[in-house]
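Note that the structure is a prediction, hence the values are computed from the model and not measured.
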Amino acid sequence: MTKNHVFAMLVIACVSVLASCTQKDTLVTLEVKTQYGALEGFEEDGVKKFLGVPFAQAPLGELRWKAPQPVQPWEGVRSAKQFGDDPMQPDIFGDMSFRGPGRSEDCLYLNIWTTAATTGDALPVLIYFNGGGLMAGSGSEPRYDGSSLSKEGVICVTANYREGVFGFFAHPDLTASSEYKGSGNFGFLDQVAAIKWVKENISSFGGNPDKITIVGESAGAFSVSLLMCSPLSKNLIAGAMLSSGAEVLPFQPTSQADADAAGAELLKQAGIPSLADAMALSADSLQKLLPPKGMANVVLDGYFMTESPDDVFEKGQQAQVPLLAGWNSLEGSPSQALGNQAPTLENYKNAMKAQFGDMTDEIFKAYGLETDEDVLSQKGLDLASDLFTGFPTWKACDYHAKSGLPVYRYHYMHPRPQVSAKMGEKVAALAGGVRDKTADEKKSEAQQPAIAPGAVHSADIEYAMGTLDTNEYYDWNEDDHAISKLFLSYYANFCKTGNPNGKGLPQWTVITKDNLDAAPVMKIDVASKVVASPEKENAYRTLEKFYRSKKQ
């Protein structure tokens with residue numbers, strides 16, 4: 001071989017290496033090529049944003065009540081500069097704020113926030129599924145905005161899914177005609193489709209498809225717990241986070257036969273003669289006739305869910321990933337059971353006997369409820385909160401740790417500040433916004449029973465996502481912003497490493513199968529710290545004993 005040949009081969013080798021490096025480290029610009037076509041986003045405050053990105057075909061016409069279908073490729077460059085339509089939903093939570101142009105069945109869009117410079121950055125990814133009882137909500141809500149998280153080096157994605165009757169309706173004719181012989185889990189299948197789209201395409205946005213963490217709050221957390229168990233999704237993720245919810249004990253799945261029968265009865269009660277007649281209705285007409293009536297149970301359709309989540313967790317067959325999970329200190333209140341009765345121990349026990357029966361005294365003792373003063377203390381709030389979202393979230397953590405997988409559990413304690421005076425006579429509502437005060441609320445505060453302060457359901461979202469500034473209803477102060485910075489850092493670190501700990505942060509101890517009896521829990525507040533309470537773990541075990549007795 002001559003020197004010229006050797007030189008030529010070296011040149012070719014160098015060119016190949018350079019080409020390979022160039023291909024690996026393609027610049028992430030405002031025009032990104034996906035497997036389905038090119039997208040044009042925009043940049044704002046150092047964050048590249050791609051909004052209203054279709055991850056499945058519009059579920060219109062014959063695709064209503066079918067599993068999501070792959071996106072059809074498009075020609076040219078598609079604009080991704082505004083949110084897509086929000087899912088169909090009535091105004092269940094009047095204080096929810098959306099940024100989509102409207103509401104439509106054509107809602108299967110996701111949104112991406114990235115600060116990656118090149119595809120070689122391979123940043124970790126977080127996908128957020130919104131709450132709203134599987135009846136309402138959207139990835140366009142300002143409280144889920146991904147700008148702050150993306151500045152921490154995590155690509156943030158929010159994804160819509162079909163809600164209410166559009167996402168969770170089963171019927172014998174739908175089941176018979178589907179390829180997998182099932183129906184009723186369409187909204188959950190939308191979530192799976194979103195995860196798959198991200199896994200297939202996020203590298204073009206500078207993301208790592210093998211480092212996807214999924215998170216949700218309330219109904220979104222219930223969804224994440226199911227996605228951890230579904231054979232369609234559990235192997236697609238690298239981490240999971242639950243905020244106030246999980247679809248495990250005491251929640252039970254619905255059989256396909258029961259779901260089909262309930263769907264057929266629903267049409268009958270609404271005066272809709274057949275499935276074909278329901279298919280022929282406009283989205284608005286259908287929603288008026290069949291409005292959402294509460295969060296749907298997952299259906300054992302043999303496809304998305306082949307067995308109950310409890311069975312999957314008990315066998316240790318859920319996603320083998322780290323879990324970060326927790327709930328808020330004021331998810332519920334004894335006043336919800338007491339109504340207009342005085343908050344005495346006797347009244348509270350009598351109100352709960354309809355639910356707890358012969359185990360009322362045992363459960364009250366486990367929660368330390370022994371005096372009238374205890375009822376509206378944190379002890380009473382803990383019981384009410386656990387009956388809403390706390391217990392199932394705890395049980396998911398318990399299952400996961402028993403499987404030998406790392407669990408980081410928190411209890412979010414910090415209440416929101418007062419509603420801003422510029423809002424007038426308003427009070428906090430359920431979804432982060434405000435509502436008008438009722439006549440009773442306008443009465444003197446002295447006439448109202450005192451309720452211990454705490455973090456209400458959904459109050460953690462703006463803190464954890466770093467989106468306080470998107471909510472103008474409250475007078476955020478230095479403590480609020482400091483807690484938000486801490487919570488956001490924990491989220492970002494967990495997405496990056498599967499561990500929330502980082503330099504300068506209060507140390508968060510992991511729960512393992514060896515410390516379950518005194519599980520370490522991060523109390524997130526002005527002075528955040530880890531505590532371990534065998535008494536609290538005993539209270540959860542007592543409540544578990546009650547729920548398991550009801551299953552027998």
Side-chain angles (χ1 to χ4, degrees), residues 28 30 32 34 39-55 80-84 86 96-100 108-117 121-132 137-161 191 194-195 197-199 201-209 211-217 220-221 223-224 237-241 243 324 432 458 460-471 481 484-485 487-496 500:
V28 177
L30 297 181
V32 171
T34 73
L39 295 167
E40 183 181 12
F42 65 102
E43 185 168 342
E44 188 174 39
D45 195 22
V47 179
K48 302 180 187 76
K49 304 180 182 183
F50 299 84
L51 310 177
V53 179
F55 65 84
K81 298 181 180 181
Q82 69 173 14
F83 293 96
D86 301 306
M96 274 188 173
S97 175
F98 304 109
R99 293 181 287 182
L108 299 185
Y109 299 95
L110 55 77
N111 314 292
I112 302 167
W113 290 262
T114 179
T115 57
D121 290 353
L123 299 178
V125 183
L126 177 139
I127 306 175
Y128 205 117
F129 294 111
N130 62 270
S138 171
S140 77
E141 291 180 63
R143 56 183 176 169
Y144 305 123
D145 191 277
S147 297
S148 294
L149 190 64
S150 68
K151 292 177 183 178
E152 298 293 319
V154 177
I155 293 179
C156 188
V157 178
T158 62
N160 293 346
Y161 54 93
Q191 295 168 355
I195 297 172
W197 190 98
V198 170
K199 195 166 185 69
N201 293 281
I202 204 63
S203 59
S204 298
F205 299 84
N208 184 346
K211 201 68 174 176
I212 296 173
T213 297
I214 56 175
V215 63
E217 186 272 339
S223 299
V224 168
I237 61 174
M241 297 194 287
S243 170
L324 186 154
S458 87
D460 56 312
I461 298 173
E462 289 98 339
Y463 291 88
M465 293 299 289
T467 55
L468 295 182
D469 290 339
T470 69
N471 189 330
H481 286 286
S484 180
K485 183 178 180 181
F487 213 159
L488 181 67
S489 296
Y490 281 143
Y491 261 37
N493 291 340
F494 185 79
C495 291
K496 293 173 183 177

Might you work through the side-chain contact (heavy atoms from CB on, under 4.5 Å) test for Asn111 and Val53, ending with a clear yes or no?
CA-CA 6 Å; Asn111 314 292; Val53 179; over 6 Å; no
Walk me through whether Asn493 and Glu152 qualify under side-chain contact (heavy atoms from CB on, under 4.5 Å).
CA-CA 9 Å; Asn493 291 340; Glu152 298 293 319; over 6 Å; no
Check the pair Arg143 / Met465 against side-chain contact (heavy atoms from CB on, under 4.5 Å), numbers first and verdict last.
CA-CA 7 Å; Arg143 56 183 176 169; Met465 293 299 289; over 6 Å; no
Chi angles and distances behind the side-chain contact (heavy atoms from CB on, under 4.5 Å) call for Ile127, Val215:
CA-CA 6 Å; Ile127 306 175; Val215 63; over 6 Å; no
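Judged as a salt bridge (charged side-chain N to carboxylate O under 4.0 Å, His left out), and not counting sequence neighbours, Lys496 has no contacts. Taking Lys151 as the reference, Asp45 meet the side chain to side chain donor-acceptor pair (under 3.5 Å) condition, with sequence neighbours excluded. Annotation: side chain to side chain donor-acceptor pair (under 3.5 Å) contacts of Ser150 (sequence neighbours excluded): none. Not counting sequence neighbours, the partners of Ala464 by the side-chain contact (heavy atoms from CB on, under 4.5 Å) test are Phe487, Tyr491. Looking at residues two or more places apart in sequence or on another chain, you find no side chain to side chain donor-acceptor pair (under 3.5 Å) involving Asn201. By the side-chain contact (heavy atoms from CB on, under 4.5 Å) test, Lys49 is found to be paired with Phe42, Glu44, Val47, Leu51, Trp113, Ser147, residues two or more places apart in sequence or in another chain being considered. Every side-chain contact (heavy atoms from CB on, under 4.5 Å) that Ala238 has, sequence neighbours left out, goes to Lys211. Residues that satisfy the side chain to side chain donor-acceptor pair (under 3.5 Å) test with Tyr463, not counting sequence neighbours, are Asp480. Every residue meeting the salt bridge (charged side-chain N to carboxylate O under 4.0 Å, His left out) condition with Lys81, not counting sequence neighbours, appears here in chain and number order: Glu40. Checked against salt bridge (charged side-chain N to carboxylate O under 4.0 Å, His left out), Asp460 has no partners two or more places apart in sequence or in another chain. Legend: residues meeting side-chain contact (heavy atoms from CB on, under 4.5 Å) with Ser140, ordered by chain and number and at least two apart, are Phe83, Asp86, Phe98, Arg99, Ser138. For Lys199, the salt bridge (charged side-chain N to carboxylate O under 4.0 Å, His left out) test picks out Asp210, with sequence neighbours left out.
Separation of atoms CD1 (Ile112) and CD1 (Ile202) is listed at 4.5 Å; rounding is to 0.5 Å.
Checked by atom type and distance alone, the side chain of Ser243 never pairs as donor or acceptor with a backbone atom of Gly216 at under 3.5 Å. With Asn160 contributing its side chain and Gly139 its backbone, the two residues share a donor-acceptor pair below 3.5 Å.
The two residues Ser203 and Pro209 make their nearest non-hydrogen contact at CB-CD, 4.3 Å. Between Met241 and Cys495, the closest heavy-atom pair is CE-SG, 4.4 Å. Shortest non-hydrogen contact noted between Gly466 and Leu488 is N-CD1, 4.2 Å. Taking both residues in full, the closest heavy atoms of Asn130 and Ala159 are given as OD1-O, 4.2 Å, listed atom of the first, atom of the second, then distance. Shown here for Pro142 and Thr470, the closest heavy-atom pair between the two residues is O-OG1, 3.6 Å. The nearest pair of heavy atoms linking Val28 to Gly206 is CG2-N, 3.8 Å.
Taking 4.5 Å as the limit, every side-chain heavy atom of Ser204 sits out of range of all side-chain heavy atoms of Thr34. With a 4.5 Å cut-off on side-chain heavy atoms, Tyr128 and Thr213 do not count as touching. Side-chain contact between Leu126 and Ile155 is absent, with no heavy-atom pair separated by less than 4.5 Å. The closest side-chain heavy-atom distance from Val125 to Val154 is not below 4.5 Å. With contacts defined as side-chain heavy-atom distances shorter than 4.5 Å, the pair Val198/Leu110 qualifies. Side-chain contact between Ile461 and Tyr144 is present, with at least one heavy-atom pair separated by less than 4.5 Å.
If you check the side chains of Thr467 and Glu462, you find no donor sitting under 3.5 Å from an acceptor.
Aromatic ring orientation, Phe205 versus Phe50: perpendicular (interplanar angle above 60°, classes split at 30° and 60°).
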